[in-house]
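Below is one structure, written out as structure tokens; comments come after it.
Nothing here was measured: the structure is a model prediction, and the numbers come from that model.
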Amino acid sequence: MNALVPLPVLLPLCVTGLKLAIGPRLQRFQRFISLAVLGAVLVLSVLLMVAADRHGPLSVHLGDFAPPIGITLVADRLAGLMLTVSSAVTLLVNVYSLGQGMADRDDRTPVGVFHPAYLILVAGVSCTFLAGDLVNLYVGFEIMLVASFVLLTIGGTATRIRAGSTYVIISLFSSVLFLVAIAMTYAVAGTVNFAQLAVRLQEVPVGVRTLLEAMLLTVFAIKAAVFPLAAWLPDSYPTAPAPVTAVFAGLLTKVGVYSMLRTQTLLFPGRRLGDLLMLAALASMVIGILGAVAQTDLKRVLSFTLISHIGYMVFGIALAGRGSISGAIVYVAHHITVQTTLFLVAGLIERRDGTTELTRLGGLARAAPLLAVLFFVPAMNLAGIPPLSGFIGKLGLMRAGVDNGGGWAWALVAGSAATSLLTLYVMAKVWNLAFWRDAPPGAEHEGVVLESAEDEPDDDSDDSDDRDDGDDRVDGDDRVDSAGDDGDRTGGHGAMPGPGPGTGLPVPAGAVVPAGFLGQSITTTKRLPWPMLAATGAAVSLGLLYTVLGGPLTTFTEAAAAELLARTPYIEAVLGR
């Protein structure tokens with residue numbers, strides 16, 4: 001079984017090489033192998049999780065080189081669960097992206113660019129979860145950084161390049177800080193292997209150990225978007241295509257949380273920086289959700305709730321008890337799935353109405369009842385309505401805070417309750433504006449939506465060829481194609497309501513509307529592509545499955561928490577003691 005540990009990393013990388021060698025040819029075959037390899041990674045992840053639960057942590061030394069020379073990969077209960085959840089989510093997002101690519105009639109980009117980069121991202125995520133040393137953890141982060149920059153800027157539009165540049169600058173800064181922390185760790189301990197560090201760091205002076213802990217926490221807090229290091233996230237994620245935004249929001253920040261959880265329990269047991277972490281957790285929860293309250297765009301609302309709910313996970317890590325660690329693990333698994341689902345729903349709303357601006361939406365509960373259900377269930381789950389999995393995770397964390405009894409712990413319990421109520425308010429606000437109220441004038445339209453107003457010609461330019469004559473026709477697939485312009489401009493009944501390209505009215509500065517993978521125009525339609533609906537429905541079902549399996553899930557996470565706090569099973573599995 002140990003031989004299976006490297007496969008979740010190696011399989012996506014090998015298939016990426018194959019896809020790049022094939023190029024744009026054999027598109028159906030390429031779609032098949034993408035789904036096949038992600039399905040195989042999911043099966044392998046489940047096998048590793050079950051094996052780690054039954055037999056303890058599994059470890060493998062690549063090349064048969066023992067620490068500290070070789071590369072060590074370790075799959076314990078925590079890594080197995082994270083691999084399983086992330087593999088399931090990435091598989092569903094892949095299905096969603098195939099549906100979007102086919103709906104956009106992208107003949108090359110989804111296969112030629114998006115999916116190779118996506119598989120590399122999956123390999124990087126798996127590498128971080130299985131990493132048995134700091135250097136390999138760093139490599140996993142860098143693999144994700146390279147792939148995520150490609151995905152975030154796919155299409156090359158100005159808006160995406162600008163948002164991607166901010167993301168890359170922040171990520172590179174954290175990478176440099178990570179390298180400095182690794183160098184300092186090696187200087188004081190003579191190794192970067194987690195198991196050896198767990199032993200040797202106990203002999204390092206407390207001041208030096210605290211400095212290393214603070215540096216690593218800073219790196220992981222940037223990756224996880226913990227306040228006040230989260231300012232980059234709301235402007236970076238919403239500009240990307242819907243599948244990219246979904247997997248970024250649902251998964252990438254949790255890799256930072258996982259790294260905090262791993263290092264705090266294994267390398268830095270105790271609570272030297274516990275109060276600082278609890279302050280960061282409280283600030284993330286409260287400030288993040290207040291930011292969400294102030295937003296009127298669904299993607300930005302979800303981006304701020306993402307920052308807010310990271311605070312729940314940091315809350316559990318900061319308390320450093322068995323109950324709090326268990327609650328944090330439950331909440332990580334829950335939030336990966338639910339946050340991804342909500343961004344997938346946002347993509348469906350974009351596909352149908354051409355915007356996620358809540359002031360321009362309405363009437364979706366009556367016009368698209370299936371879409372309303374797909375939003376309502378994960379929204380209530382995120383808010384923590386009993387008996388959904390969000391409630392299970394929050395209850396475990398609050399119970400741990402009450403058991404702790406400290407001043408900061410009680411403040412976090414109160415902050416958690418307030419954040420949960422405000423989350424419910426935010427989700428109710430979205431429901432009322434987008435689904436429950438009557439549609440505003442001109443909101444229900446079908447036609448082509450352009451990527452960015454800044455790419456349009458000036459209003460006084462003579463561009464009559466690029467304007468529609470109003471003779472649009474709706475075909476059998478509920479699509480509107482602009483006559484004589486290959487669907488790149490719309491006017492008449494297919495135009496965007498209010499100011500916008502092709503309307504003769506001024507365009508708001510910096511206005512951005514949805515687009516496909518290449519940044520090209522996409523066609524809004526009331527008949528949503530079935531692969532996108534199926535993938536979103538499966539993600540909703542996965543979130544509900546956590547509720548159905550709440551008892552076994554909690555039992556598993558309690559065992560994982562006990563294993564993390566004991567440290568001995570991990571150390572013995574790697575060092576053979």
Show your working on side-chain contact (heavy atoms from CB on, under 4.5 Å) between F248 and S303 and close with a plain yes or no. CA-CA 10 Å; F248 277 28; S303 295; over 6 Å; no
How long is the span from the CE atom in M82 to the CG atom in L261, to the nearest 0.5 Å? 8.5 Å
Could you tell me the separation between the OG1 atom of T253 and the OH atom of Y258, rounded to the nearest 0.5 Å? 15.5 Å
Donor-acceptor contact below 3.5 Å, side chain K254 vs main chain A249: yes
Measure from the side-chain N and O atoms of T72 to the backbone N and O of H61, and report whether any donor-acceptor pair falls under 3.5 Å. no
Given side chains that start at C-beta, do those of L211 and V208 come closer than 4.5 Å, heavy atoms only? no
Suppose we screen for side chain to side chain donor-acceptor pair (under 3.5 Å). Which residues come up paired with E558, at least two apart in sequence or across chains? none
Could you check whether any side-chain N or O of S308 sits under 3.5 Å from a backbone N or O of M285, counting only pairs where one atom can act as donor and the other as acceptor? yes
Measure across M144 and G124 and return the closest heavy-atom pair with its distance rounded to 0.1 Å. CG-C, 3.7 Å
Restricting to pairs with a member in residues 391-418, which pass salt bridge (charged side-chain N to carboxylate O under 4.0 Å, His left out), not counting sequence neighbours? none
Validation row: I120, V146 side chains within 4.5 angstrom (heavy atoms): no
Run the side-chain contact (heavy atoms from CB on, under 4.5 Å) test on I222 and F173 for me, step by step, so that the C-alpha distance in whole Å, both residues' side-chain angles and the decisive distance to 0.1 Å come before the verdict. CA-CA 9 Å; I222 294 174; F173 170 76; 4.0 Å; yes
Smallest separation among heavy atoms of I385 and L424, with atom names: CD1-CD1, 4.0 Å
To the nearest 0.5 angstrom, please state how far the CG atom of L121 sits from the OG1 atom of T90. 8.5 Å
Would you say that V257 contacts Y331 through its side chain, given a criterion of any heavy-atom pair below 4.5 Å between the two side chains? no
Atom CH2 of W408 and atom CG of L279: how far apart are they, to the nearest 0.5 Å? 4.5 Å
Does S420 reach the main-chain N or O of S416 with its side chain, forming a donor-acceptor pair under 3.5 Å? no
With a 4.5 Å heavy-atom cut-off, do L542 and V85 have their side chains touching? no
When every non-hydrogen atom of A246 is compared with those of L344, the smallest separation belongs to CB-CD2, 3.5 Å
Could you check whether F178 and F220 have their ring centres less than 6.0 Å apart? yes
Okay, side chain of S389, backbone of T547: is any donor-acceptor separation there less than 3.5 Å? no
Looking only at atom types and distance, does a side-chain atom of T265 sit under 3.5 Å from a main-chain N or O of L565, one as donor and one as acceptor? no
State, with a plain yes or no, whether a side-chain heavy atom of F141 is found less than 4.5 Å away from one of V255. yes
Can you give me the closest heavy-atom contact between S326 and A561, atom names plus distance? N-CB, 3.7 Å
Do the side-chain N and O atoms of S87 and S45 include a donor-acceptor pair separated by under 3.5 angstrom? yes
Is there a donor-acceptor pair closer than 3.5 Å between any side-chain N or O of S59 and the backbone N or O of A573? yes
Inter-residue atom distance T185.OG1 - L212.CG, 0.5 Å rounding: 4.5 Å
Please walk me through it: do L544 and L388 pass side-chain contact (heavy atoms from CB on, under 4.5 Å)? CA-CA 7 Å; L544 291 176; L388 300 174; 3.8 Å; yes
If we count only N and O atoms by modelled type, under 3.5 Å, do the side chains of Y118 and S97 hold a donor and an acceptor together? no
To the nearest 0.5 Å, atom CD1 of I289 lies from atom OG1 of T419 at 6.5 Å
Could you pull out the closest heavy-atom pair between T341 and T337, with the gap in Å? OG1-O, 2.7 Å
Examine distances only and state if a side-chain atom of Q339 and a backbone atom of L302 form a donor-acceptor pair shorter than 3.5 Å. yes
Heavy-atom closest pair, residues S174 and K223: OG-NZ, 3.1 Å
Heavy atoms, side chains only, cut-off 4.5 Å: are P569 and D76 in contact? no
Pairwise side-chain contact, L564 with I329, heavy-atom cut-off 4.5 Å (strictly under): yes
Measure the shortest side-chain to side-chain distance between R209 and L267 over non-hydrogen atoms and say whether it is less than 4.5 angstrom. no
Any side-chain to backbone donor/acceptor pair from Y570 onto E563? Under 3.5 Å, distance only. no
Expected output: side-chain R300 to main-chain P234 donor-acceptor under 3.5 Å: yes
Pair H309, T423: side-chain N/O donor-acceptor within cut-off below 3.5 Å: yes
Step-by-step side-chain contact (heavy atoms from CB on, under 4.5 Å) determination, L130 to L83: CA-CA 9 Å; L130 294 172; L83 276 174; 3.5 Å; yes
Could you note down all residue pairs passing side-chain hydrogen bond (donor to acceptor under 3.5 Å, both in side chains) where residues 122-150 supplies at least one of them, sequence neighbours left out? E142-S175, S148-Y167
